[in-house]
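Here is how names work: the chains are called A, B, and so on, in the same order as the sequence lines, proteins then strands, and each is numbered from 1.
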Amino acid sequence: MLDIKILRNNPEIVKESLIKRNDKFDLDAFLALDNIWRNKLSELETLSARQNILAQETQLLIKDKKDPKSKIEESKQLKSQLAELEKDFAQLDIDYKAKLDWLPNIVHSSVPVGDESKNELVSQYGEKPDFKFKAKDHVTLAEELNMVDFKAGTKLTGTNFVTYTGDGATLERALINFMLDLHIKEHGYREVSVPFLVNSKTMRATGQLPKLKDDMYNMSDDDFYLIPTAEVPVTNLKRDVLLDESELPIYNVCATPCFRREAGSYGKDTKGLMRLHQFDKVELVKFVKPGTSYDELEQLLENACKVLELLKLPYRVVALASGDLSFAAAKCYDIEVYSPGIDKWLEVSSCSNFEDFQARRGNIKYKDSKTGKREFVHTLNGSGLALPRLFTAILENYQQEDGGVVIPEVLRGYFCGHERFSR
RNA sequence: GGAGAGGUUGCCGAGCUCGGUUUAAGGCGCCGGUCUCGAAAACCGGUGUGGGUUUAUUCUCACCGUGGGUUCAAAUCCCACCCUCUCCGCCA
């Protein structure tokens, strides 16, 4: 949610941002609606004020043992008038708020303008492996090493669900623990463990609703949704909370499964582990003071990159162009790990600054000691990292000519010191 | 799932029986002041949130878990729902 005052006073800023995003939100129509909304509101409030006065006057007349009949008559008339007006306004208000819900965040000035093709390479780390043999893809490797049972997932649930088996299951768990430990011990994050089902109010605060409704699994009987990312429950931990300034910044880390319907993406990069309906992810979430959020974003990005550096995997960082930004983000970096078997850069993290967009929706504030006022915090999050593609990159980067896979050094502690996955 | 108790403006907490000087008491916290070398304590004063309006002062509306209802008037009465706690049942 944007500050409505920005829309009213500086609509050109919002318009420019919408153009950058290639978003078709009709701002002029909304501002016209806003005008109507405000007029109706003051009309309603004028009558309410009169009604309040009449009630007071009635009370005084009764107290003085005088006849309040004429006041009561006027009030009764006003009441029916008010009821009608209230009904109209309630409908208008619903439309108004619903429209506002569809307005995306303002693009930060540092974001490259354009569609996906304008994404900018920010940095690159490591070298692509130089194999003296033909590299296999992760599907082949995982099946040969009995680390993933692709068919079992399909049998149990449906397409694009997988089952990790043996060393595969252990590798998943090892990666989760490795990343959690890193962020907790080295980067100062506090771990939280949250529900995987959340209600619609929670989904709305972080911006998944209304826009991404069709991308989520919904338990219609209970107004519950399966979380598409830990960002949702973790950010909402502070929903409707007035934070103490001394608590900030708050850094949270959380490992959860993520559930995504991926509606409409069938056939697109769906081979193997590339696009699953359920996958695990370690998520970093920050609540910070407004002035610091862009420095915090850079740090968050570094924290996520550290995982790949310790795993000795080649990666690059891309600054997303305005047209590629998600609904709630003002700025976002993607981290892409290189995977030689399929010869692709795989997105394993998106690190975003939402500024006060989510904080407004979720009413997350702190009392600022300088201004003495309640201010919205800024929220940020980034994957640190998503599992399946990381799993993929490990198999494909660490594969050997004999079909085995060397276990990255930093993970060997989770495998009793073993150095390889082999057949 | 059943029974009982409860949800009040940052926090605690009164008010609900009997609807109307409650624009929600009081305390804590916070801000300012007196005192002090400084601080603490004490004392004095101020201090809810959100919306609309206004250059500003102002004025005004809404908010006592949520949504309805009764009434000239609802924190207070009625209905439904949500949540919390205690006990019982069931259960990993």
Side-chain angles (χ1 to χ4, degrees), chain A residues 1-10 30-101 103 193-205 219-225 233 236-248 250 287 289 356 359-377:
Chain A
M1 189 161 65
L2 297 181
D3 185 351
I4 191 78
K5 292 198 176 78
I6 293 179
L7 301 195
R8 287 170 186 161
N9 302 333
N10 305 92
F30 181 79
L31 287 172
L33 181 64
D34 179 51
N35 234 338
I36 296 170
W37 182 87
R38 284 194 279 177
N39 287 337
K40 263 277 195 273
L41 181 62
S42 54
E43 198 183 332
L44 183 67
E45 286 186 355
T46 307
L47 291 192
S48 296
R50 177 68 190 151
Q51 184 74 313
N52 287 341
I53 287 167
L54 285 172
Q56 271 178 18
E57 287 177 345
T58 303
Q59 182 198 152
L60 288 178
L61 288 175
I62 292 171
K63 211 167 152 192
D64 292 348
K65 302 208 180 351
K66 290 177 184 163
D67 184 12
K69 203 175 158 200
S70 68
K71 297 291 178 194
I72 290 178
E73 270 313 307
E74 186 186 344
S75 192
K76 272 186 176 173
Q77 265 185 6
L78 198 55
K79 195 179 171 183
S80 62
Q81 214 179 327
L82 257 173
E84 205 158 308
L85 210 56
E86 271 169 5
K87 205 177 146 195
D88 287 353
F89 183 76
Q91 187 54 51
L92 183 66
D93 193 52
I94 288 168
D95 292 348
Y96 177 80
K97 302 241 163 83
K99 283 222 170 61
L100 192 55
D101 250 8
L103 185 61
S193 178
V194 294
F196 306 153
L197 283 166
V198 300
N199 58 36
S200 55
K201 194 173 181 185
T202 296
M203 280 298 184
R204 193 194 153 274
M219 313 285 133
S220 55
D221 288 348
D222 284 306
D223 184 37
F224 291 163
Y225 293 83
N236 273 276
L237 287 173
K238 303 301 182 194
R239 174 157 54 80
D240 295 321
V241 171
L242 180 64
L243 294 162
D244 195 286
E245 190 174 8
S246 63
E247 293 177 71
L248 298 173
I250 295 171
F287 304 87
K289 289 205 259 180
D356 64 3
R360 278 178 192 282
R361 287 183 157 235
N363 189 29
I364 309 172
K365 293 185 172 179
Y366 75 101
K367 194 165 181 185
D368 189 273
S369 58
K370 280 195 189 121
T371 64
K373 287 187 175 169
R374 293 169 179 223
E375 308 281 356
F376 290 108
V377 301

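Across all strands, A:L54 comes closer than 4.0 Å to no nucleic acid atom at all (heavy-atom distances). Within 4.0 Å of A:L78, counting heavy atoms only, lies no atom of the nucleic acid at all. In this structure, A:R8 reaches the sugar-phosphate backbone alone: every heavy-atom distance under 4.0 Å involves primed, P, OP1 or OP2 atoms, never a base. A:S48 comes within contact range of the sugar-phosphate backbone alone, with a heavy-atom separation under 4.0 Å but no base atom that close. A:D244 comes within 4.0 angstrom of nothing in the nucleic acid, heavy atoms only. Counting any heavy atom pair closer than 4.0 Å across all strands shown, A:K76 reaches sugar-phosphate atoms only and no base atom. Using a 4.0 Å heavy-atom criterion, one finds that A:K365 contacts the sugar-phosphate atoms exclusively.
A:K367 has its NZ atom 16 Å from the C1' atom of B:rG50, to the nearest Å. For the pair A:Q56 CD and B:rU22 P, the computed distance is 12 Å after rounding to whole Å. In this structure, CD1 of A:I72 is placed 7 Å from P of B:rC72, rounded to the nearest angstrom. Here the C1' atom of nucleotide B:rG51 and the CH2 atom of A:W37 are 6 Å apart, to the nearest Å. Rounded to a whole Å, the CD atom of A:E43 is 15 Å from the C1' atom of B:rU53. In this structure, A:E86 places its CD atom 11 Å from C1' of B:rC61, rounding to the nearest Å. For the pair A:D240 CG and B:rG7 C1', the interatomic distance rounds to 15 Å; values are reported in whole Å. Between A:E375 atom CD and B:rU49 atom P the separation is 12 Å, expressed in whole Å.
The nearest heavy atom of RNA chain B to A:K5 and to A:F224 marks one nucleotide each, and the one closer to the 5' end goes with A:K5. When the nearest nucleotides of RNA chain B are assigned to A:L44 and A:L41 by heavy-atom distance, the more 5′-ward of the two goes with A:L41.
Look at A:K99 and A:D95 and you find no salt bridge, because none of the NZ, NE, NH1 or NH2 atoms lies under 4.0 Å from a carboxylate O. The pair A:K97-A:D93 meets the salt-bridge criterion, since a charged nitrogen lies less than 4.0 angstrom from a carboxylate oxygen. Ion pairing between A:E74 and A:R50 holds under the 4.0 Å rule for side-chain N and carboxylate O.
For the P atoms, the distance linking B:rC30 with B:rA39 amounts to 15 Å, nearest Å. B:rC35 sits 37 Å from B:rC12 when the P atoms are compared, rounded to a whole Å. Using atom C1' as the reference point in both B:rU22 and B:rA3, the two lie 35 Å apart (nearest Å). Comparing the P positions of B:rU49 and B:rU57 gives an interatomic distance of 16 Å, to the nearest angstrom. B:rG68 sits 23 Å from B:rG50 when the P atoms are compared, rounded to a whole Å. Rounded to the nearest Å, the gap between the P atom of B:rC64 and that of B:rA74 is 11 Å. Rounded to whole Å, the separation between the C1' atoms of B:rA24 and B:rU76 comes to 12 Å. Rounded to whole Å, the P atom of B:rG33 lies 16 Å from the corresponding atom of B:rA41.
When side chains are defined from C-beta on, A:L2 does not count as touching A:L100, because their heavy atoms never get closer than 4.5 Å. Considering only heavy atoms from C-beta on, A:V377 comes within 4.5 Å of A:L248 through its side chain.
Of the listed nucleotides (B:rC61, B:rC72, B:rU49), B:rU49 has the atom at the smallest distance from the side chain of A:R374. Here the nucleotide nearest the side chain of A:A55, chosen from B:rU53, B:rU60, B:rG20, is B:rG20.
Contact between the side-chain N/O atoms of A:K79 and the OP1/OP2 oxygens of B:rC72 is found at a separation under 4.0 Å. Of the side-chain N and O atoms in A:N52, one or more sit less than 4.0 angstrom from OP1 or OP2 of B:rA62.
In this structure, B:rU71 makes no Watson-Crick or G-U wobble pair, since no nucleotide meets both defining distances under 3.5 angstrom. When both pairing distances are held under 3.5 Å, B:rA3 makes a Watson-Crick or G-U pair with B:rU86. With both pairing distances under 3.5 Å, B:rU53 is matched to nothing as a Watson-Crick or G-U wobble pair. Remark: B:rA41 base-pairs with no nucleotide; criterion is Watson-Crick or G-U wobble with both hydrogen-bond distances under 3.5 Å. Base pairing analysis places B:rA14 opposite nothing; no Watson-Crick or G-U wobble pair with both distances below 3.5 Å involves it. In this structure, B:rU22 forms no base pair with any nucleotide, since neither Watson-Crick nor G-U wobble geometry is met with both distances under 3.5 Å. In this structure B:rU58 sits in no base pair that meets the Watson-Crick or G-U test at under 3.5 Å. In this structure B:rU9 sits in no base pair that meets the Watson-Crick or G-U test at under 3.5 Å.
Looking only at atom types and distance, the side chain of A:N199 has no donor-acceptor partner in the side chain of A:D223 under 3.5 Å away.
Contact record, A:A205 with A:R361: O-CB, 3.2 Å, taken as the closest heavy-atom pair. For the pair A:T202 and A:N236, the tightest heavy-atom approach, listed with the atom from each and the gap, is O-ND2, 2.9 Å. Closest approach of A:R239 to A:I364, counting heavy atoms only: CA-CG1, 4.0 Å.
Here the NZ-CG distance, from A:K365 to A:D356, works out to 10.5 Å after rounding to the nearest 0.5 Å.
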Indicate every side-chain donor-acceptor pair of residues 80-90 of chain A with a distance under 3.5 Å to a residue at least two apart or in another chain.
{"unit_1": "A:S80", "atom_1": "OG", "unit_2": "A:Q77", "atom_2": "O", "d": "2.9"}

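For B:rG51, the base has a donor-acceptor partner in the side chain of A:E45 [N/O atoms by modelled type, under 3.5 angstrom].
In the region residues 195-203 of chain A, proximity to RNA chain B at under 4.0 angstrom, judged on heavy atoms, holds for none of the residues.
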